[in-house]
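Here is the structure we will look at, set down as structure tokens.
Please read all numbers here as calculations on a predicted model, not as lab measurements.
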Amino acid sequence: MQLVGRHSSLYTRMPLMFACELGVPLEFQPVADMTRTDVASYAGNPALKLPILRLEGAELYGALNICRAIAENSTSQKLIIWPELLADTLSRNAQEMVWHAMGAQVQVVMGTVVNHLPAEDGFFAKARAGLDGALGWLDSRVHDCLAALPPRGLSVFEVSLFCLVEHLAFRPSVALEPYPALRAFAAAYGARDCARRTAYRFD
């Protein structure tokens with residue numbers, strides 16, 4: 001199993017954490033330049049997105065799909081809570097807010113940091129406003145969201161939220177100071193061995 005991505009990518013970190021937590025060895029191939037627009041640079045992914053998993057002669061696209069494949073190739077008995085197992089409105093909305101915030105973070109970083117586009121552009125201003133809105137919603141409810149999760153060894157919600165908050169510190173696009181509950185969650189979850197072993201870095 002070979003993961004194609006970047007150690008600085010929040011979407012790549014999700015499967016890296018799943019692999020670590022579930023004891024699944026992965027080879028890693030970094031994508032050198034995220035400004036490239038050729039499909040070959042993204043292991044054949046026509047959407048030009050990360051990560052990609054090479055497995056049994058095929059390529060699998062998308063962080064969540066890859067996390068599922070990693071779990072299917074693991075002998076771990078950890079109980080995993082997938083998004084479709086979230087059975088209440090609060091939990092479902094919380095996962096949606098995380099997905100939205102992850103996408104907005106990538107848009108803002110790729111636009112204003114990587115490609116040096118004007119941060120005051122209306123597109124990025126709305127993206128940052130939506131990101132702040134999602135973070136504020138999550139900050140006021142994160143304790144209830146965690147309490148609503150059933151007993152588990154691993155959950156997509158916690159891993160994706162942790163990767164998001166850590167990435168906001170690693171590649172700042174909005175301030176984290178207004179969100180003490182999210183910062184406390186990330187500090188606590190970051191004590192896990194696999195959180196420390198998959199820390200963001202530039203390839």
_Could you check whether Glu177 pairs with Arg183 (Lys NZ or Arg NE/NH1/NH2 to Asp/Glu carboxylate O, under 4.0 Å)?_
no
*asked:* How long is the straight-line distance from CE of Met102 back to CE of Met14, given to the nearest 0.5 Å?
replied: 5.5 Å
_Rounded to the nearest 0.5 Å, what separates atom CD in Gln105 from atom CZ in Arg128?_
11.5 Å
*Does Glu56 CD have over 12 foreign heavy atoms under 6.0 Å away?*
no
*Kindly check if the number of other-residue, nucleotide or ligand heavy atoms within 6.0 Å of CZ (Arg152) is above 12?*
yes
_Testing the basics here: between Asp88 and Ala148, what is the closest heavy-atom pair and its distance to 0.1 Å?_
OD1-CB, 4.1 Å
_Any Val4 side-chain heavy atom under 4.5 Å of Thr12 side chain_ = no
*Taking disulfide bond (SG atoms under 2.5 Å apart) as the test, write out the residues that go with Cys145, two or more places apart.*
none
*asked:* Looking at Ser74 and Leu22, would you say the former's side chain and the latter's main chain have a donor-acceptor pair under 3.5 Å?
replied: yes
_Minimum heavy-atom separation for Pro15 and Ile70, please, with both atom names._
O-CD1, 3.4 Å
_Tell me the closest heavy-atom pair linking Ser173 and Val108, and the distance in Å._
CB-CG1, 3.6 Å
*To the nearest 0.5 angstrom, please state how far the CE atom of Met110 sits from the CZ atom of Arg171.*
9.0 Å
*Might you work through the ring pair (Phe, Tyr, Trp, His ring centres under 6.0 Å) test for Tyr179 and Phe185, ending with a clear yes or no?*
CA-CA 10 Å; Tyr179 311 115; Phe185 159 76; over 10 Å; no
*At what distance, to the nearest 0.5 angstrom, does CG of Leu86 lie from OG of Ser91?*
5.0 Å
*Does the side chain of Phe157 reach to within under 4.5 Å of the side chain of Trp82, using non-hydrogen atoms?*
no
*Looking only at heavy atoms, what is the nearest atom pair of Ala43 and Glu59, with distance?*
O-CG, 3.4 Å
*Between Arg54 and Gln29, do the side chains contain an N or O donor and an N or O acceptor separated by less than 3.5 Å?*
yes
*Parallel, tilted or perpendicular: which fits the ring planes of His167 and Tyr200, with parallel below 30° and perpendicular above 60°?*
perpendicular
*Atom CD in Glu72, atom CG in Leu55: separation rounded to 0.5 Å?*
9.0 Å
*asked:* Rounded at 0.5 Å granularity, tell me how far CG in Leu53 sits from CG in Leu3.
replied: 6.0 Å
*Is Phe162 close to Met17 at the side-chain level, that is, under 4.5 Å between some pair of heavy atoms?*
yes
*Looking at Arg197 and Asp193, does any basic side-chain N land under 4.0 Å from a carboxylate oxygen?*
yes
_I need the minimum non-hydrogen distance between Pro30 and Asp203, along with the two atoms involved._
CB-CG, 3.7 Å
*Atom NZ of Lys126: over 12 foreign heavy atoms under 6.0 Å*: no
*Compare every heavy atom of Ala169 with every heavy atom of Leu176, then report the nearest pair and how far apart it is.*
CD1-N, 3.8 Å
*Would you indicate whether the side-chain heavy atoms of Tyr189 and Glu166 approach each other to under 4.5 Å?*
no
*Please say which of Leu50, Asn115, Val109 ends up in a side-chain contact (heavy atoms from CB on, under 4.5 Å) with Met34.*
Leu50
*How far apart are the C-alpha atoms of Trp99 and Tyr11, what are their side-chain angles, what is the distance that settles it, and do they pass the ring pair (Phe, Tyr, Trp, His ring centres under 6.0 Å) test?*
CA-CA 10 Å; Trp99 293 145; Tyr11 286 101; 7.6 Å; no
